[in-house]
Amino acid sequence: MSIGIVMLAHTALHRAEQVARHWTKAGCPVVIHVDQVVPKKRFRIFAERLADDPLIRFSRRHHCDWGTWGLVAASQDASQLMLSEFEDVSHVYLTSGACLPLRPVQELVDYLKARPRTDHIESATTADVPWTIGGLDEERFTMRFPFSWRRNRYLFDHFVELQRKIGYSRKIPDGLTPHMGSQWWCLTRQTLASILEDPKRKIYDRYFRHVWIPDESYFQTLTRLYSTNVVSRSLTLSKFDFQGKPHIFYDDHLQLLRRSDCFVARKIWHNADRLYTTFLSPKPGQLSLQEPNPGKIDRIFAKAVDRRTRGRPGLYMQSRHPNEDWENGVTAAKYSVFQGFTELFTDFEPWLSQVTGARVHGHLFAPDRAHFADGQSFMNGALSDNATLRDYDPKMFLTNLLWNTRGERQCFQLGPKSTRHVMWDIAKDPNAQVSVISGAWAIPLFQSNRSFADLRREAAQLQKIETEMLDSLRSPYSKCRRRIWTMAEFIESPMEAIQVIVDEIGFQPNRRLTEAPRIVDLTGFGQFLQNLKNQGMHPYLMGDFPADPIAQGPAPDALRPRPYLVKD
Amino acid sequence: MGLAQRYRLRLQRKRWRLRAFRKRRELKPVSNRTDLIRRKDVLVFCTLRNEGIRLPYFLKYYREMGVSHFIFVDNDSTDGTAELLAAQPDVSVWHTRKSYKRSRFGMDWMNWLLRRYGHGHWCLTVDPDEFFVYPFCDSRPLPALTDWLEASAIKSFSAMLLDMYPKGRIDAVPYQAGQNPLEIAAWFDSGNYTVKRNHLLENLWIQGGPRARVFFADRPEAAPALNKIPLVKWHHRYAYASSTHMLLPRGLNKVYDEWGGEKASGALLHTKFLSTFNEKAMEELKRREHYAGSQEYVAYASALKDNPELWCKWSEKYINWRQLEILGLMSMGNWA
């Protein structure tokens with residue numbers, strides 16, 4: 001017994017010749033179909049070069065456009081020729097001119113000899129496969145497709161639309177259940193002969209002639225009628241990208257291909273000299289009966305498809321510039337934004353970085369410069385602290401920072417003096433975890449010795465900006481994780497609030513805080529707010545502060561100003 | 001896009017093509033070997049002036065990559081560049097004395113030669129200090145990429161300009177002819193670029209890198225554009241609109257994915273900042289033949305007086321294309 005190879009070739013005929021001779025050397029007859037687009041002269045030269053090989057035949061030539069009947073007709077004719085010319089062929093393997101056998105031919109022969117009645121053909125019902133291109137699954141069997149999808153997409157799409165609208169539907173011939181799958185199959189002589197000699201073949205052919213991409217469904221469907229044992233898997237390693245185009249193998253895939261233990265791979269770049277010389281030269285050593293195992297290659301190509309369709313979250317670059325809401329992650333990683341914390345606590349930044357291990361920046365969007373952690377003037381990726389550069393595109397400053405520091409949690413401070421509108425970008429980012437103590441901007445004012453008229457003006461302005469910022473955080477378009485306290489609320493139970501924030505950063509889950517940051521001395525703050533009120537400026541963002549906190553209760557040692565201490 | 005706008009762009013394209021046609025008379029062939037070009041060859045197009053010292057490595061780099069023929073416009077070099085080029089078996093050279101600026105910074109000349117000799121070929125339009133890098137460039141020749149692009153029905157391939165610089169003073173290590181300039185200018189900025197979209201021509205506008213950081217920190221909007229589309233399957237109807245930053249018809253500028261995915265892209269390693277730079281900057285300042293009144297060179301000249309260092313603590317040292325792909329400066333897309 002032997003296996004017959006049907007080869008559909010259309011370009012790189014010198015490679016087809018090389019592979020054909022490899023098959024015949026191992027005793028496998030080859031029937032070559034050369035696409036009609038190949039000029040007569042070139043075909044003649046090609047045929048003459050192979051004339052010396054008694055195991056090679058050429059079948060009638062057809063036009064083999066992608067997704068057309070020609071490919072099926074070519075396979076039919078070539079298979080017929082194979083069955084009639086070579087009596088001892090037990091299996092017929094359909095390959096293309098860009099296929100390359102990866103294992104010694106004898107291993108394939110042995111493998112098939114051990115499975116004399118098995119047809120290897122990927123064949124699944126349309127409802128169960130996700131690989132359909134152009135959104136057509138069931139419909140490819142019930143509509144007509146007179147226009148080329150590749151060259152005449154507009155007419156193709158509109159004709160499909162029209163058929164949908166008027167409810168046109170072709171009748172599927174009795175007894176057929178449409179199946180689809182890879183066009184590279186290996187069928188037994190019995191099955192193939194039954195398909196080719198079926199009395200109803202004319203009916204089937206007429207039907208499939210107008211099915212879309214019949215080469216992926218003709219043999220796949222008919223095999224189900226006759227085969228006693230279908231293994232729904234192609235013996236050819238052939239990966240497709242998201243547009244249904246085969247991935248191409250190059251010299252650098254050599255090790256991967258070798259380890260895949262597949263019998264045949266498609267498609268090989270015609271100049272991949274190393275692949276051709278390696279796999280077409282005889283391999284010394286034991287023959288193996290290993291099952292094909294393309295797992296690793298599958299993963300690499302699945303990753304490529306994923307990169308092409310979903311990309312890397314948070315990356316903006318020359319070939320990835322997603323429209324709004326299509327970013328698949330506005331930024332590269334989760335990060336925390338704090339507003340009002342550095343004002344309320346004396347040592348918030350070092351404390352936070354110690355407790356969480358995160359990189360804690362100061363006010364990144366401050367008017368003078370970006371206050372990077374440790375006072376650096378450049379950050380990862382040579383990101384500059386220059387305020388003009390930063391404000392040229394604040395959103396990209398943020399996305400760049402998070403992209404450049406992937407793998408390290410970033411925290412930074414924000415405030416009403418920050419670059420305008422950056423809060424809006426942050427609010428729309430699901431990766432942002434924003435904590436705001438509203439009204440805390442009043443503390444530095446309270447601590448300063450500036451003239452009260454100045455303070456009043458600035459307080460009014462900052463309050464207005466912070467209100468806008470809070471509005472954007474609370475807007476229905478906001479997607480960030482937000483926590484907003486008024487200052488009065490926060491001071492009630494600071495430890496609880498801080499514990500929540502630290503847990504969210506998540507470096508030490510569920511551990512109680514042992515050390516707390518120190519709150520600044522707020523003695524007289526209530527009176528300061530009252531003064532602002534008395535001047536006609538109504539501060540409301542910090543919540544209700546009693547005018548004189550000392551009035552709440554007698555302080556035991558009132559002489560020394562005593563900071564609020566946070567106790568566990 | 002309205003009909004009116006579409007027509008406007010069509011007129012603009014025709015204008016660039018007409019200009020190129022008019023400017024063809026400024027070009028005098030020095031050695032025309034274009035009859036050696038075969039049907040599937042990948043071609044390099046390049047305008048230069050006094051770059052003789054860079055050429056040996058430039059030619060070697062692209063020959064090894066799989067480029068079959070080079071087409072040069074020599075803008076009146078005085079350092080023997082023309083003779084060096086004329087002696088190469090795979091190079092065709094045209095000579096011109098005319099103004100670089102008035103040929104839209106060489107683009108009219110390039111458009112003409114592209115139209116005349118590039119039709120139907122994959123054409124790479126680069127400067128002599130630009131080194132093209134693409135995914136798998138260490139294991140697959142350029143024709144592997146162009147074959148794949150062709151099979152994927154992609155007509156243009158983007159390669160962002162990545163400014164390379166040395167550590168220390170720019171003129172500290174003198175560059176020798178034939179030397180790999182990346183041995184000296186081995187550093188780059190990996191993550192400080194801004195990307196905006198030009199809605200008329202649909203190209204991206206990328207700025208940033210060391211030039212924005214050091215020379216244009218106070219007016220970033222004037223920083224040079226870094227987006228480039230150097231590799232195109234040329235058709236005689238195409239035209240470069242402004243340097244190789246963008247093309248007409250504008251569909252060719254859509255080298256990026258808008259729905260979250262990544263298309264394949266490469267990089268142009270820009271080795272401008274070598275020991276030859278100061279001299280060049282001074283000359284260009286005198287000639288005033290560069291873009292926007294040579295404002296770039298004015299900025300360099302004033303900054304160079306203080307002997308700037310482009311290198312900073314977070315500069316990245318170039319290793320290979322995989323590094324650039326991991327850093328997100330280029331992408332393999334779905335080429336695996």
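All chains are named by letter (A, B, ...) in the order of the sequence lines, taking the proteins before the strands, and each is independently numbered beginning at 1.
Both the backbone and the side chain of Asn380(A) come within contact range of chain B, judged by heavy atoms closer than 4.5 Å. Within the 4.5 angstrom heavy-atom criterion, atoms from both the backbone and the side chain of Pro143(B) approach chain A. Heavy atoms closer than 4.5 Å to chain B are found in the side chain of Asn386(A), but not in its backbone. Heavy atoms closer than 4.5 Å to chain B are found nowhere in Arg274(A), neither backbone nor side chain. Both the backbone and the side chain of His321(A) come within less than 4.5 Å of a heavy atom in chain B. In this structure, chain B has heavy atoms under 4.5 Å from both the backbone and the side chain of Arg312(A). If you measure heavy-atom distances from Phe188(B) to chain A, you find no contacts under 4.5 Å at all. Glu316(B) does not touch chain A: none of its heavy atoms, backbone or side chain, sits under 4.5 Å away. Of the atoms belonging to Trp311(B), not a single heavy atom falls under 4.5 Å from chain A. When heavy atoms are compared at a cutoff of 4.5 Å, Leu389(A) approaches chain B by way of both its backbone and its side chain.
Inter-residue side-chain proximity for Asp257(B) and Pro322(A) is flagged as unmet; no heavy-atom pair is nearer than 4.5 Å.
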For Ser331(B) and Arg307(A), what are the C-alpha separation, side-chain angles and deciding distance, and is it a side-chain contact (heavy atoms from CB on, under 4.5 Å)?
CA-CA 9 Å; Ser331(B) 176; Arg307(A) 197 182 312 115; 3.9 Å; yes
After noting the C-alpha distance and the side-chain angles of Asn227(B) and Gln318(A), does the key distance pass the side-chain contact (heavy atoms from CB on, under 4.5 Å) rule?
CA-CA 7 Å; Asn227(B) 49 298; Gln318(A) 53 172 336; over 6 Å; no
Assess the residue pair Arg308(A) and Glu262(B) against the criterion (side-chain contact (heavy atoms from CB on, under 4.5 Å)); give the C-alpha distance rounded to whole Å, side-chain angles, the decisive distance to 0.1 Å, and a yes or no.
CA-CA 5 Å; Arg308(A) 178 64 188 84; Glu262(B) 291 172 32; 5.9 Å; no
Please evaluate residues Val305(A) and Asn334(B) with respect to the criterion side-chain contact (heavy atoms from CB on, under 4.5 Å), reporting the C-alpha separation (whole Å), side-chain torsions for both, the decisive distance (0.1 Å), and the verdict.
CA-CA 5 Å; Val305(A) 170; Asn334(B) 56 327; 5.5 Å; no
Stepwise, does the salt bridge (Lys or Arg N to Asp or Glu O under 4.0 Å) test hold for Asp251(A) with Arg140(B)?
CA-CA 8 Å; Asp251(A) 283 346; Arg140(B) 302 177 195 173; over 6 Å; no
For Lys313(B) and Gln376(A): C-alpha separation, side-chain torsions, deciding distance, then whether side chain to side chain donor-acceptor pair (under 3.5 Å) applies.
CA-CA 10 Å; Lys313(B) 189 184 145 197; Gln376(A) 300 187 75; 3.0 Å; yes
Apply ring pair (Phe, Tyr, Trp, His ring centres under 6.0 Å) to the pair Trp314(B) and Phe372(A), showing each step before the final yes or no.
CA-CA 13 Å; Trp314(B) 290 103; Phe372(A) 289 128; 9.5 Å; no
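Contacts with chain B were tallied for Phe397(A), Tyr250(A), Trp326(A); Tyr250(A) has the most, counting heavy-atom pairs under 4.5 Å. Taking chain A as the reference chain and counting heavy-atom pairs below 4.5 Å, the highest number among Ser158(B), Ala144(B), Ser139(B), Ser190(B) is found for Ala144(B). Contacts with chain B were tallied for Ala382(A), Pro313(A), Pro246(A), Gly311(A); Ala382(A) has the most, counting heavy-atom pairs under 4.5 Å. Between chain A and the options Ser265(B), Ala264(B), Ser315(B), Ala212(B), heavy-atom pairs under 4.5 Å are most frequent for Ser265(B). Looking only at heavy-atom pairs under 4.5 Å with chain A, the residue among Asp218(B), Asn203(B), Leu327(B) that has the most is Leu327(B).
Side-chain atoms of Arg320(A) come within 3.5 Å of backbone atoms of Gly260(B) as a donor-acceptor pair (strictly under, hydrogens ignored). Although no hydrogens or angles enter the test, the distance criterion places no donor-acceptor pair under 3.5 Å between the side chain of Arg310(A) and the main chain of Gly261(B). Without hydrogens or angle criteria, Ser319(A) side chain to Lys263(B) main chain gives a donor-acceptor distance under 3.5 Å.
Annotation for Ile300(A) and Ala336(B): closest pair CG2-CB, 4.1 Å, computed over non-hydrogen atoms.
Atom CZ of Arg406(A) is separated from atom CD1 of Ile326(B) by 8.5 Å, given to the nearest 0.5 angstrom. One finds the CG atom of Asp393(A) at 4.0 Å from the NZ atom of Lys196(B) (value rounded to the nearest 0.5 Å). Atom CE in Met330(B) sits 8.0 Å away from atom CE in Met317(A) (nearest 0.5 Å). Atom CD1 of Ile248(A) sits about 8.5 Å away from atom CH2 of Trp335(B), to the nearest 0.5 Å. Taken from CG in Leu315(A) to CG in Leu329(B), the straight-line distance is 8.5 Å, to the nearest 0.5 Å. For the atom pair OH (Tyr316(A)) and OG1 (Thr194(B)), the distance works out to 13.5 Å, reported to the nearest 0.5 Å.
Between Tyr193(B) and Trp403(A), the distance from one ring center to the other does not fall under 6.0 angstrom.
Side-chain contact check for Asn323(A) and Arg197(B): at least one donor-acceptor pair (N or O, by modelled atom type) lies under 3.5 Å.
Listed by chain and number, the residues in a side chain to side chain contact (heavy atoms under 4.5 Å, CB included) with Arg151(A) are Asp65(A), Ser148(A) (sequence neighbours excluded).
A cation-pi contact, defined as under 6.0 Å to the ring centre and within 45° of the axis, is absent between Arg219(B) and Tyr392(A).
A 6.0 Å sphere centred on CZ of Arg237(B) holds no more than 12 heavy atoms belonging to other residues, nucleotides or ligands.
For the side-chain hydrogen bond (donor to acceptor under 3.5 Å, both in side chains) condition, the pairs that include at least one residue of residues 146-157 of chain B, sequence neighbours left out, are Lys245(A)-Ser152(B), Trp269(A)-Asp147(B), His270(A)-Asp147(B), Trp122(B)-Glu150(B), Glu150(B)-Lys233(B).
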